[in-house]
Amino acid sequence: MTDALTPGTPDLVSLLLDTDTLEDFLQALVEGALINAPGSDGCGITLERENRPLTVVSAGTSAPALDEAQYGQDDGPCLEALREGHEVSVIDMRAETRWNGYPAFAVAAGTLSSFSLPIAAHSHTAGALNIYSPEVKGFEDADLEGLRDLAAQATGAIALAQRLSDARTFTSDLHAALQSRAVIDQAIGIVMSQRRCSAEEALRTLRSASQHRNVKLRDLCGQLVGGISGNPPASGPQLRPRP
C-alpha cells in the first residue's frame, strides 16, 4: 500500500465523514474502484461469515450475477482471493481452466477478465474486492495501486467495525455481570443479617441452596431480595430451573 492515496482514489477521512454506515462506506469504495479500473463494468465486495459468502455492496452491472455463480459452486476467483488471501487475476476468461464451469458462465455473461483482491484476509470477516471487465486484459490500464489502496481501506473499516461490535458485546456482558454481582451482594447481606454470620458463610449458604433447589445462584438471590423488598431486582430475571 502506498503512503498517500493514488489520484482518483477516494480519501479515507472524507469518506468516513461523508458516510453514516459501514455499508455506505463500502459502497463508496466499490464506486471508486470502477473509476480506478476504466475498462471494468462491475465491482462488488464479498464478505464471508461462517463459510457463507455474500455480496454486501456492488456498483455497475455485472458483479451480482458473477458473484452468485461462484457462491453457487463454492469456487471461483472471488472465493480464492477471499480464502487464500492473495490477488487473483484473470487475463482471458476464454482460456481459463480453473474453477470448473465458472469461466464458461462468465464468458456467456459477457465478462472476459477479472481482478479480485483480498480484504481482511484470515480474519473472522474475510472478504474480497472483485472487479469485472467485458474486455480481454481489461485491467492493463487500471490503477492497480489505487485498487489495492481501496482493498486496504475496506480491510481497515471492517476491522474497526468488528472491534466496535466486540466492544459493545463486552460492555453488555460487563453490565450484566455487574447487575448480577449487585443482587448477589444484596442477598449475602440479607443472609448475614438473618443468621448473624460472615459474608463467606452467607455465600456458602446461598450456593448450597442454589444447588439443592437446582436454580442459578443469581436467580435464587433475586428471589430472596425480591421477597424482602416486595419488588424484584431491577432488570433481574425471574426464577427458573437451570437449563
Side-chain angles (χ1 to χ4, degrees), residues 1-2 4-49 52-72 76-90 93 102 105-106 109-121 123-135 137-162:
M1 184 176 137
T2 57
L5 295 180
T6 320
T9 303
D11 175 68
L12 175 59
V13 175
S14 297
L15 280 181
L16 287 172
L17 292 174
D18 291 341
T19 55
D20 297 323
T21 66
L22 176 62
E23 182 179 358
D24 290 342
F25 179 81
L26 297 179
Q27 182 65 45
L29 291 188
V30 294
E31 291 169 1
L34 290 182
I35 296 173
N36 281 278
S40 63
D41 64 356
C43 178
I45 288 180
T46 296
L47 297 180
E48 184 175 59
R49 293 298 298 272
R52 297 180 60 184
L54 173 70
T55 302
V56 292
V57 293
S58 66
T61 58
S62 58
L66 293 167
D67 289 347
E68 287 296 332
Q70 295 173 73
Y71 306 157
C78 157
L79 297 181
E80 181 176 324
L82 183 156
R83 293 168 180 169
E84 301 298 327
H86 59 237
E87 294 179 2
V88 179
S89 176
V90 179
M93 200 71 73
Y102 169 73
F105 174 89
T111 293
L112 297 181
S113 58
S114 67
F115 188 48
S116 298
L117 303 93
I119 291 173
S123 71
H124 295 303
T125 312
L129 174 68
N130 311 299
I131 315 151
Y132 303 100
S133 173
E135 306 169 7
K137 300 180 181 180
F139 300 93
E140 283 191 327
D141 297 327
D143 180 357
L144 298 185
E145 286 307 308
L147 294 174
R148 290 173 182 129
D149 281 338
L150 292 172
Q153 291 179 37
T155 294
I158 291 167
L160 177 60
Q162 185 64 54

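Just so it is clear, the model here is predicted, and its values are computed rather than measured.
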Could you tell me which residues satisfy salt bridge (Lys or Arg N to Asp or Glu O under 4.0 Å) with Glu80, sequence neighbours excluded, listed by chain and number?
-> none
Can you check whether Thr46 reaches Tyr71 side chain to side chain, under 4.5 Å on heavy atoms?
-> yes
Side-chain donor-acceptor contact under 3.5 Å, Gln27 with Glu23 | no
Separation of Asp149 CG from Leu144 CG (nearest 0.5 Å) | 11.0 Å
Show your working on side chain to side chain contact (heavy atoms under 4.5 Å, CB included) between Arg148 and Glu87 and close with a plain yes or no.
-> CA-CA 10 Å; Arg148 290 173 182 129; Glu87 294 179 2; 2.6 Å; yes
Counting distance only, does the side-chain N/O of Gln70 pair as donor-acceptor with the main-chain N or O of Cys78 below 3.5 Å?
-> yes
What do the steps show when you test Leu66 against Tyr102 for side chain to side chain contact (heavy atoms under 4.5 Å, CB included), and what is the final call?
-> CA-CA 9 Å; Leu66 293 167; Tyr102 169 73; 3.9 Å; yes
Is any side-chain heavy atom of Leu82 closer than 4.5 Å to a side-chain heavy atom of Glu48?
-> yes
So, for Ile119 and Ala128, which heavy atoms are closest and what is the spacing to 0.1 Å?
-> CD1-C, 3.7 Å
Closest heavy-atom contact between Ala154 and Leu26?
-> CB-CD2, 4.0 Å
Heavy-atom closest contact (Gly85 atom, Ala121 atom, distance) | CA-CB, 3.9 Å
Is it the case that Ser113 and Tyr132 place a side-chain donor and acceptor less than 3.5 Å from each other?
-> no
Sub-3.5 Å donor-acceptor pair from the side chain of Thr55 to the main-chain atoms of Val57, do we have one?
-> no
Side chains of Ser89 and Phe139 in contact at under 4.5 Å (non-hydrogen atoms) = no
Interatomic spacing from CD in Glu135 to CG in Asp141 - rounded to 0.5 Å = 8.5 Å
Can you name the one residue among Ser62, Ser116, Ser114, Ser58 that meets side chain to side chain donor-acceptor pair (under 3.5 Å) with Asn130?
-> Ser116
Shortest non-hydrogen separation from Leu117 to Ala151 and the atoms involved = CB-CB, 4.1 Å
Step by step, would you call Phe105 with Thr111 a side chain to side chain contact (heavy atoms under 4.5 Å, CB included)?
-> CA-CA 9 Å; Phe105 174 89; Thr111 293; over 6 Å; no
Knowing that exactly one of Leu147, Val30, Asp41 qualifies, which makes a side chain to side chain contact (heavy atoms under 4.5 Å, CB included) with Ile131?
-> Leu147
Test item: Cys43 and Leu129 side chains (from C-beta on) under 4.5 Å apart, heavy atoms | yes
